[in-house]
Amino acid sequence: MENDSFSQRVIQVIAAIPCGTVATYGDVARLAGSPRAARQVGGLLKRLPADSRLPWHRIINRHGQISLQGDDLLRQRDALEAEGIEISDEGQVDLARYRWQW
DNA sequence: AATCTGACATATT
DNA sequence: CAATATGCCAGAT
């Protein structure tokens with residue numbers, strides 16, 4: 001299935017994102033060793049098992065916005081706010097402030 | 001093996 | 001500043 005090294009690395013990276021911070025798809029892809037595989041990160045998360053216990057909600061796009069829609073969007077937003085991350089009325093996160101630094 | 005798809009990013013218009 | 005086009009790379013069919 002998706003037991004490839006790429007998938008594993010992406011999972012490791014996401015698992016390492018600290019509570020209260022966020023990272024962009026591009027960040028995760030870069031840290032996973034494939035700087036241009038940002039789309040794959042989303043592709044993986046989408047088909048991730050519901051019980052993976054991965055902080056997938058800390059992954060947003062480079063505009064600081066959640067790329068999901070509908071129900072999932074609301075859930076991710078709530079999860080982020082629950083960690084103390086503020087989101088503007090337009091659904092934007094202040095990346096300069098919450099982006100994971102390493 | 002070939003083609004299509006997409007929870008993105010960057011450059012260009 | 002917003003909209004569009006193109007590149008990207010791993011999965012799915």
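It should be emphasised that the depicted structure is a prediction, and the values quoted were computed from it without experimental measurement. In what follows, chains are A, B, ... by sequence order, proteins preceding strands, each numbered from 1. The figures that follow rest on heavy atoms only: side chains count, while hydrogens, waters and symmetry mates do not.
Taken together through direct or relayed side-chain contacts under 4.5 Å among Ile, Leu, Val, Met, Phe, Trp and Tyr, A/Y25 and A/L73 form part of one hydrophobic cluster.
The separation between A/L48 atom CG and C/dA10 atom P is 18 Å, rounded to whole Å. Atom CZ in A/F6 sits about 15 Å away from atom P in C/dC8, given to the nearest Å.
When the side chain to side chain contact (heavy atoms under 4.5 Å, CB included) test is applied to A/D78, the partners found at least two apart in sequence or on another chain are A/E81. Take A/W56 and apply the ring pair (Phe, Tyr, Trp, His ring centres under 6.0 Å) test, not counting sequence neighbours, and it matches no residue. In this structure A/S34 satisfies the side chain to side chain donor-acceptor pair (under 3.5 Å) test with no other residue, sequence neighbours excluded. With sequence neighbours left out, A/R97 forms a salt bridge (charged side-chain N to carboxylate O under 4.0 Å, His left out) with A/E86. The side chain to side chain donor-acceptor pair (under 3.5 Å) check on A/E83 picks up A/H57, A/R58, with sequence neighbours excluded. Scored by the side chain to side chain donor-acceptor pair (under 3.5 Å) test, A/D72 finds A/R75 as partners (sequence neighbours excluded).
Listed by residue number, there are no residues of residues 61-76 of chain A with a heavy-atom contact under 4.0 Å to DNA chain C. Less than 4.0 Å separates DNA chain B from no heavy atom of any residue of residues 88-101 of chain A. Residues from residues 14-39 of chain A lying near DNA chain C, meaning a heavy-atom separation below 4.0 Å, are A/S34, A/R36, A/A37, A/R39 in numerical order.
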Tell me, with the steps shown, if A/W102 and A/L31 meet side chain to side chain contact (heavy atoms under 4.5 Å, CB included). CA-CA 10 Å; A/W102 59 94; A/L31 293 174; 3.9 Å; yes

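The residue from A/I87, A/I85, A/L95, A/L68 that alone fulfils the side chain to side chain contact (heavy atoms under 4.5 Å, CB included) condition with A/I60 is A/L95.
Within the 4.5 Å cutoff, side-chain heavy atoms of A/R77 are placed close to those of A/I66.
Bounding nucleotides for the chain A contact on DNA chain B, 5' to 3', at a heavy-atom distance below 4.0 Å, are B/dG6 to B/dT10.
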Donor-acceptor contacts under 3.5 Å from residues 17-24 of chain A side chains, at least two apart:
| residue | atom | partner | partner atom | Å |
| --- | --- | --- | --- | --- |
| A/T21 | OG1 | A/P18 | O | 2.8 |
| A/T24 | OG1 | A/G26 | N | 3.4 |
| A/T24 | OG1 | A/D27 | N | 3.0 |
| A/T24 | OG1 | A/D27 | OD1 | 3.4 |
| A/T24 | OG1 | A/D27 | OD2 | 3.1 |

Which atom pairs, one a donor and one an acceptor, fall under 3.5 Å between side chains of residues 38-46 of chain A and the rest of the protein, sequence neighbours left out?
none

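In this structure, the side chain of A/Q65 does not engage the main chain of A/V93 through any donor-acceptor pair within 3.5 Å.
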